[in-house]
Amino acid sequence: MVLIQEHTETIEPQAAAPPKPNIGARILCQALEREGVDLIFGYPGGVVIPLYDVFPEYNIKHVLVRHEQGAGHAADGYARVTGKAGVCLATSGPGATNLVTAIATAKLDSVPLVAITGQVSQAVIGSDAFQEVDITGITLPITKHNFLVRSVDELGSTIRKAFHLAQTGRPGPVLVDIPKDVLLAVGELDPDDAPIELPGYRPTYTPHRRQIQLAAEEVRKASRPILLAGHGILISGACEELRTFAEKTDTPVGLTLLGIGGFPQSHPLCLGMVGMHGFAHANRAIHEADLLVAVGMRFDDRVTGKLTEFAPHARIVHIDIDPAEIGKNRIADVPIVADAKVALGLLANAVEVCEHSAWREEIEHWRQKPPYAPIQPGRPLLAQQVVERLFALTGGEAIVTTDVGQHQMWAAQFYKPDTPDLWVSSGGLGTMGYGVPSALGAALGRPDKEVWAIVGDGGVQMTLFEFATLVQEQVNVNIAIVNNGYLGMVRQWQQFFHNSNYSETLISGPDFVMLGNAYGIASRRVCHQDEIDDAIRWAQTTAGPTLLEFVIGQEENVFPMIPSGASFNDLIEDEWD
Ligand SMILES: Cc1cc2nc3c(=O)[nH]c(=O)nc-3n(C[C@H](O)[C@H](O)[C@H](O)COP(=O)(O)OP(=O)(O)OC[C@H]3O[C@@H](n4cnc5c(N)ncnc54)[C@H](O)[C@@H]3O)c2cc1C
Ligand SMILES: Cc1ncc(C[n+]2csc(CCOP(=O)(O)OP(=O)(O)O)c2C)c(N)n1
Ligand SMILES: [Mg+2]
C-alpha cells in the first residue's frame, strides 16, 4: 500500500517503531503501577533523567515540587490521609540528602513512605563521583529498611519488598537507591506471584489468647479505667472496635496528638488530647486512673512527662504491633503484641458490660473550667478562636495539616474531628516546615476534601517555596498563617523557664499577603475578631489555593502545660477565674 499525502508526494509505509527496550527505568514504572501508584512527588536531576524520560509512557502523575523536602512531606501527607504509601523521588547527592528530614519525620510517626533515589553508576560508587552520597548509609537509622539495587533483575522484587515493608506491621519509610546503570540496563519485571522474600520479617497481628483474657480480667477489676488511644488506632483502622470497647466498658478515652480522629471528640466518653498540652481534665484522669488500656501509642515523653510519676496508680494494658515499644518507656502489666483492630475486637468480646458513672462524673467535674480566658470583644485575635471558627465553618470535616509550634497545639486542642484521617501533624520529630507541603500531598490524595494548613509565621518560612507547587497544580489548599511575630513555642519556654530572655526568637517575615499574591495565591490579612468568619468563608469559596494571615497577640501562650520532664502535679494553667 502507498500512502498519498495531500500535496501528491508519495511515501513508503513506515516500518512499525521498534519495541522500546525494557530498561530499568521502565521496569521501575511497571513495578510502581503494580503497587497501585498513580502519584509521585519528585524533582529531577542527572542520574534520574532516564526515569523522567519514560514517565510519560505510564499512568503515573509526577508532581514537580520546589525542594525535595517538600516531596517527602507531600508524600507523607498523602499517606496519612489515604492510608496508602506515599512516594517521593529525588536525584543522587543533594536531592537525596534533601529528603532526609522528611524521611525522619515519617519514621518517627510510623508513616508508610517509599523514597526512591537515583545513585551514581555502580562503576563509580565509592569514588566521590559527582553528586555521590551514601544515602543508604545516611538513612539507615531513619528508615524501616533501605535497599541499594545492584541489578536490574532485582528492581521489580525490591519495589514489592519496599511497599510491603512500608505498609505492613508498624508502617514506616523505606528507601530504594537505584544506580543509573540499573535504570539503563535491560531486564524483566519479576512475576506478580513471586513470593516476597524477607526472612525474619513477620509482624504479629493476632494477639496471644491468654493475654486477652488477662486484659479482660484487668478491665473487670478496674473502677477508674482510662483508654489511651494513639496513632495505631488510625493505622489499623480500629475506630469501630475502640468505640465498641469504650462503650461496653463505659471507659473514658484520651487521645495522643497523633491519635486525634481515632475516637469521636463529640462522644461523651472522649476526654480530648492528653500530654504536655493536653487538657487538664484528661491528664488528671490519667493521674487518678487505676487502669490504663493504652492502644497503638508509644508512651512518648510529650505524653508521659516524668515517667516515674505518670499514671502512678494505674495498672497498664499495652497493645502495640511493635514488640520493641512494649515496656520501652512504661512497664506493661499485660503486654499485648498485636494489631490494634484485631486485639480490640477480641478484647471487646472478652469483657463484660461495665458501668463507671461515679468516675465519669468526677472527670466531668474537672472538665468544667473552659480551656482559655473568655474572649473580650475588641481584644487582639486569639488563635484558639480562629481554630474554633475554622472547626465550626468546616463542620469539623476538613483535613487539617499543621506546622510545629504553638499554633499546632492550639489546632490540636480546638480542631476536634470525629472521624479519622483528617488530622495531619508532625508529632515525633516535630518538623517545622511540614504544614504546607503535607497539605499539598493530602489535597492531592483526597481531592474530595476541603484542606487547611494551619502554620506559624516561623515554620511557613521554612518551606514556602511549595506555594509555587500549589499554584502550578491549582490545589485547593487554604493556608492559615498564625502570625505572632515570634518563634512562639520557643519564646514561651524562654518566658516560663529562662526568665523571659527572648534570645533570637523574635522573627520577622515577609508581607505574607504580598508574598501570596506574588505567587498567584489569593491572599488576605485578618486582624480583628469580627473578620474571622468572613475571611474563612471567602477562602472556602475561592478556587485554587488561598492564604489567610491571622495576626494574633504576640505573647499568647499555650495552656495548660506540663513542663518537660515534670508531672501532672506541676501543671501550669492560664491565670484567670
Ligand atoms: C510541639 C509539640 C508538642 C507536643 N505535645 C504533645 C502533647 O501534649 N500530647 C501528645 O500526645 N503528643 C504531643 N506531641 C507529639 C508527641 O511528640 C508524639 O508524637 C505523640 O504523642 C505520639 O503519639 P502516638 O504514640 O499515638 O503515635 P506514634 O508515635 O505514631 O506511635 C504509634 C504507635 O502505634 C503502634 N502501631 C502502629 N501500627 C499499629 C497497629 N496496626 N496496631 C497496633 N499498634 C500499632 C506503633 O508501633 C507505635 O508504637 C507534641 C509534639 C510537638 C511537636
Ligand atoms: C526544623 C525545626 N527547627 C527548629 C525547631 C524548634 N522549634 C519548635 S517550635 C518552634 C517555633 C515555631 O515558630 P512558628 O512557626 O512561628 O510557630 P509558633 O510557635 O509561633 O506558633 C521552633 C523554633 C523545630 N521544631 N523544627
Ligand atoms: Mg510564630
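Note that ligands are numbered from 1 as they come in the structure, with each ligand's atoms numbered from 1 the same way.
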Exercise for the section: Before giving the answer on ring-ring contact (aromatic ring centres under 6.0 Å, His included), spell out for H145 and Y201 the whole-Å C-alpha distance, their side-chain angles and the decisive distance to 0.1 Å. Expected result: CA-CA 11 Å; H145 196 67; Y201 180 73; 8.8 Å; no
Exercise for the section: Could you please spell out the steps behind the side chain to side chain donor-acceptor pair (under 3.5 Å) verdict for S425 and Q408? Expected result: CA-CA 8 Å; S425 194; Q408 176 190 27; 2.9 Å; yes
Problem - Stepwise side chain to side chain donor-acceptor pair (under 3.5 Å) check, S500 with Q494 - result: CA-CA 5 Å; S500 296; Q494 290 173 328; over 6 Å; no
Exercise for the section: Verify salt bridge (charged side-chain N to carboxylate O under 4.0 Å, His left out) between E240 and R243, making sure each step is shown before the conclusion. Expected result: CA-CA 5 Å; E240 272 315 304; R243 189 176 173 148; 5.6 Å; no
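A side-chain donor from one of Q492 and Q406 sits under 3.5 Å from a side-chain acceptor of the other. For the residue pair Y415 / Q265, no side-chain donor-acceptor distance below 3.5 Å is found, with atom types taken as modelled.
Cation-pi geometry between R491 and Y486 is satisfied (NZ or CZ under 6.0 Å from the ring centre, within 45° of the ring normal).
Residues satisfying the side-chain hydrogen bond (donor to acceptor under 3.5 Å, both in side chains) criterion with D457, sequence neighbours excluded, are absent altogether.
Using cut-offs of 30° and 60° for the angle between ring planes, the H267 and F263 rings count as tilted. Between F465 and H67, the ring planes lie parallel to each other; the angle is under 30°, not in the 30° to 60° tilted range.
Less than 2.8 Å away from the Mg ion (ligand 3), the protein contributes these N/O/S atoms: D457 OD1, N484 OD1, Y486 O.
The side-chain heavy atoms of S523 and L548, taken from C-beta on, include no pair separated by under 4.5 Å.
Around ligand 2 you find V404, G405, Q406, H407, G430, M432, G456, D457, G458, G459, M462, N484, Y486, L487, G488, M489, V490, each with a heavy-atom distance below 4.0 Å. Around ligand 1, the residues contributing at least one heavy atom under 4.0 Å from the ligand are L108, D109, R170, P171, G230, H231, G232, I235, S236, T256, L257, L258, M273, V274, G275, M276, H277, G278, G296, M297, R298, D300, R302, V303, D320, I321, D322, E325, A338, D339, A340, V404, Q408, M409, S426, G427, G428, G430.
Using a distance-only test at 3.5 Å, with no hydrogens or angles considered, no donor-acceptor pair links the side chain of T304 to the main chain of K306.
What you find for G70 and V65 is that their closest heavy atoms are C-CG1, 4.2 Å.
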